[in-house]
Amino acid sequence: MTEQVERTAIEDWTAIESLFTLRQSFAPLKFATMGMSSRLAKGRLGKLLAHKSAGRLAAHVDQMEDDRVKAMRTFAAINLEQAAAAFKITLVANVTAPLLVVTFFNQITPGGVGDQLYDIFGGEGNGIYGLFAGIAFGIALLFGLGFYALANLNQARDIRNLIDLFAAERGIYFGLEDIDDMSA
């Protein structure tokens, strides 16, 4: 007689999470070229269900008992909460904090930061070009970090929303009492 080994909840979660690559999560970031999110218009659930990994997740969830589906929803909610917190910290640490530092130094230095930089580089062309190149690189890096954080947030939100949808199809309903937390 063969003994069937049941997977743990964490093993199920690891399998679910592996279905969603970060590369796929960058797809909703098409707003960089369109100027808006692709999920702004109607048909959002269809777009969510058309996600490359949605079918594989549906098959995975279909094989689970109801209690395990509820457990995966809890894992997904915690994962989303962690991603939202990381997104906020990333924005504060990499966008707000540097702007505050520059603003502070602009206020306390005589003539402002611009005059100080001009004095340092003495109006030399190569120095100014290097400064602008450094600033452009820094801004590109900040945007890259922001997009990376947003892609991770989108990934966590997609997993959570898809688990909720597939559970609802099975008659397992979750309240939306935490809807405000999902808008982060």
Side-chain angles (χ1 to χ4, degrees), residues 7-96 98-99 136 138-184:
R7 289 173 22 161
T8 65
I10 196 70
E11 290 171 331
D12 275 338
W13 174 252
T14 302
I16 287 172
E17 201 172 32
S18 70
L19 297 174
F20 292 81
T21 64
L22 192 59
R23 184 176 181 204
Q24 292 170 342
S25 297
F26 275 103
L29 297 180
K30 291 179 184 173
F31 70 83
T33 57
M34 296 179 355
M36 65 179 185
S37 172
S38 62
R39 293 194 188 167
L40 185 61
K42 66 180 181 175
R44 285 178 289 279
L45 292 183
K47 290 174 185 170
L48 178 63
L49 291 168
H51 191 284
K52 292 179 182 178
S53 297
R56 290 183 285 175
L57 177 61
H60 197 82
V61 170
D62 282 345
Q63 296 174 7
M64 294 179 180
E65 298 292 327
D66 289 354
D67 288 347
R68 186 53 63 91
V69 172
K70 291 176 185 177
M72 290 304 100
R73 198 294 184 135
T74 300
F75 277 64
I78 292 169
N79 182 55
L80 176 57
E81 180 185 336
Q82 293 289 312
F87 178 74
K88 290 173 188 174
I89 289 169
T90 299
L91 288 184
V92 168
N94 293 301
V95 177
T96 307
L99 288 175
I139 290 171
L141 183 64
L142 292 178
F143 271 103
L145 288 170
F147 283 132
Y148 177 76
L150 184 59
N152 277 290
L153 180 61
N154 284 342
Q155 179 187 51
R157 186 177 290 134
D158 286 351
I159 294 171
R160 160 74 185 277
N161 291 336
L162 285 167
I163 287 175
D164 283 357
L165 287 173
F166 298 143
E169 284 183 347
R170 289 177 56 172
I172 305 169
Y173 302 103
F174 303 104
L176 294 177
E177 64 279 351
D178 59 351
I179 193 72
D180 291 334
D181 293 339
M182 291 179 63
S183 64

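The first residue in the sequence is number 1, and the count goes up from there.
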Colleague: Side chains of Leu153 and Leu80: closer than 4.5 Å at any heavy-atom pair?
Modeller: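 Sidechains of Leu80 and Leu153: in contact.
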
Colleague: Might you point out which heavy atoms bring Leu57 and Ile159 nearest each other, and give the distance in Å?
Modeller: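 Reported closest heavy-atom pair: CD2-O, 4.4 Å.
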
Colleague: Taking the side chain as C-beta and beyond, is there a heavy-atom pair between Asp12 and Phe75 under 4.5 Å?
Modeller: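 Not touching, per the 4.5 Å side-chain cut-off.
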
Colleague: Could you tell me which non-hydrogen atom of Leu48 sits nearest to which non-hydrogen atom of Ala54, and how far apart they are?
Modeller: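 The answer is O-CB, 4.1 Å.
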
Colleague: Measure the OG1-CD1 distance between Thr14 and Ile10 for me, rounded to the nearest 0.5 Å.
Modeller: 5.0 Å

Colleague: What is the distance from atom OG1 of Thr8 to atom CD of Glu11, rounded to the nearest 0.5 Å?
Modeller: 3.5 Å

Colleague: What's the spacing between Asp158 CG and Asn154 CG if we round to 0.5 Å?
Modeller: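 Taking CG in Asp158 and CG in Asn154, the distance rounds to 6.0 Å.
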
Colleague: Got a second to check how far Lys70's NZ is from Met64's CE, nearest 0.5 Å?
Modeller: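 Those atoms lie 14.0 Å apart.
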
Colleague: Flag yes if more than 12 heavy atoms outside Glu17 fall under 6.0 Å of its CD atom; otherwise flag no.
Modeller: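 More than 12 within 6.0 Å, yes.
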
Colleague: Closest heavy-atom contact between Trp13 and Met72?
Modeller: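 Reported closest heavy-atom pair: N-SD, 3.6 Å.
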
Colleague: For residues Ala76 and Arg160, report the shortest heavy-atom separation together with the two atoms involved.
Modeller: CB-CA, 3.8 Å

Colleague: Which pair of non-hydrogen atoms, one from Arg56 and one from Leu19, has the smallest distance, and what is that distance?
Modeller: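 Where Arg56 meets Leu19 most closely, the heavy atoms are NH2-O, 3.7 Å.
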
Colleague: May I have the step-by-step check of side chain to side chain contact (heavy atoms under 4.5 Å, CB included) for Val95 and Leu145, ending in yes or no?
Modeller: CA-CA 10 Å; Val95 177; Leu145 288 170; over 6 Å; no

Colleague: Please report whether the ring centroid of Phe20 lies less than 6.0 Å from that of His51.
Modeller: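 Aromatic pair counts; centres sit under 6.0 Å.
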
Colleague: Give, for atom CD of Glu169 and atom CG of Asp164, the distance between the pair rounded to the nearest 0.5 Å.
Modeller: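 Output value for this atom pair is 12.0 Å.
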
Colleague: Hey, what do you get for CG (Leu142) to CG (Asn94), rounding to the nearest 0.5 Å?
Modeller: 6.0 Å

Colleague: Decide yes or no for Ile172 and Phe174: does some side-chain heavy atom of the first lie under 4.5 Å from some side-chain heavy atom of the second?
Modeller: yes

Colleague: Taking all non-hydrogen atoms of both residues into account, name the closest pair between Ala83 and Asn152 and its distance.
Modeller: CB-O, 4.1 Å

Colleague: Indicate yes or no: at least one non-hydrogen side-chain atom of Asn79 is less than 4.5 angstrom from one of Gln155.
Modeller: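 Result no, sub-4.5 Å side-chain heavy-atom pair not found.
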
Colleague: Can you check side chain to side chain contact (heavy atoms under 4.5 Å, CB included) on Val61 and Arg68, steps first, answer last?
Modeller: CA-CA 9 Å; Val61 170; Arg68 186 53 63 91; over 6 Å; no

Colleague: Other residues, nucleotides and ligands only: do more than 12 of their heavy atoms fall within 6.0 Å of CD on Glu65?
Modeller: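 For Glu65, atom CD is not crowded (no more than 12 foreign heavy atoms under 6.0 Å).
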
